[in-house]
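I have placed the structure first, in the form of structure tokens, so that the comments after it can refer back to it.
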Amino acid sequence: MPDVKIEIRSNGPMRVYGPFELVDQEGNPYTIPEGQWASLCRCGQSSNKPFCDGAHRDAGFDAPSTVSYTHLRAHETEAELVCRLLLEK
């Protein structure tokens, strides 16, 4: 079982549990305290991207909490799919 778990929350963010490294496109790391989880914005409305600030509630964000494997590309893992879909927003 992997040490990292990504939970897609109903009509809300993706919550990432476990040790992971999050960097921006220039390679600058975001600091996540050890043992903490992070919620990553899926709605695009957060003022604190890439993190969720709860703006999805006021925005009326409505999205499924299940992964659609029809979007999965050959040789792409579930985590890669989730990251790619986030970047396409």
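In this chain, numbering begins with 1 at the start of the sequence shown.
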For side chain to side chain contact (heavy atoms under 4.5 Å, CB included), just list the numbers for Arg15 and Ile8, CA-CA rounded to whole Å, side-chain angles, deciding distance to a tenth of an Å, and then say yes or no. CA-CA 6 Å; Arg15 187 162 289 169; Ile8 302 172; over 6 Å; no
Could you state the interatomic distance from CG (Asn11) to CZ (Arg42), rounded to the nearest 0.5 Å? 7.5 Å
Euclidean distance, Arg9 CZ relative to Leu40 CG, rounded to 0.5 Å: 12.5 Å
Return a table of donor-acceptor pairs under 3.5 angstrom between the side chains of residues 47-59 and protein atoms on other chains or two or more places apart.
unit_1: Lys49; atom_1: NZ; unit_2: Gly44; atom_2: O; d: 3.1
unit_1: Lys49; atom_1: NZ; unit_2: Ser46; atom_2: O; d: 3.0
unit_1: Asp53; atom_1: OD1; unit_2: Ala55; atom_2: N; d: 2.9
unit_1: Asp53; atom_1: OD2; unit_2: Ser47; atom_2: N; d: 2.8

Is there a side chain to side chain contact (heavy atoms under 4.5 Å, CB included) between Val16 and Trp37 once you walk through the steps? CA-CA 6 Å; Val16 185; Trp37 46 262; over 6 Å; no
Test log, rule side chain to side chain contact (heavy atoms under 4.5 Å, CB included), inputs Tyr17 and Glu7: CA-CA 8 Å; Tyr17 301 89; Glu7 175 187 12; 3.0 Å; yes
Mind running side chain to side chain contact (heavy atoms under 4.5 Å, CB included) on Phe20 and Ile32 for me, showing each step along the way? CA-CA 8 Å; Phe20 65 97; Ile32 310 293; 4.0 Å; yes
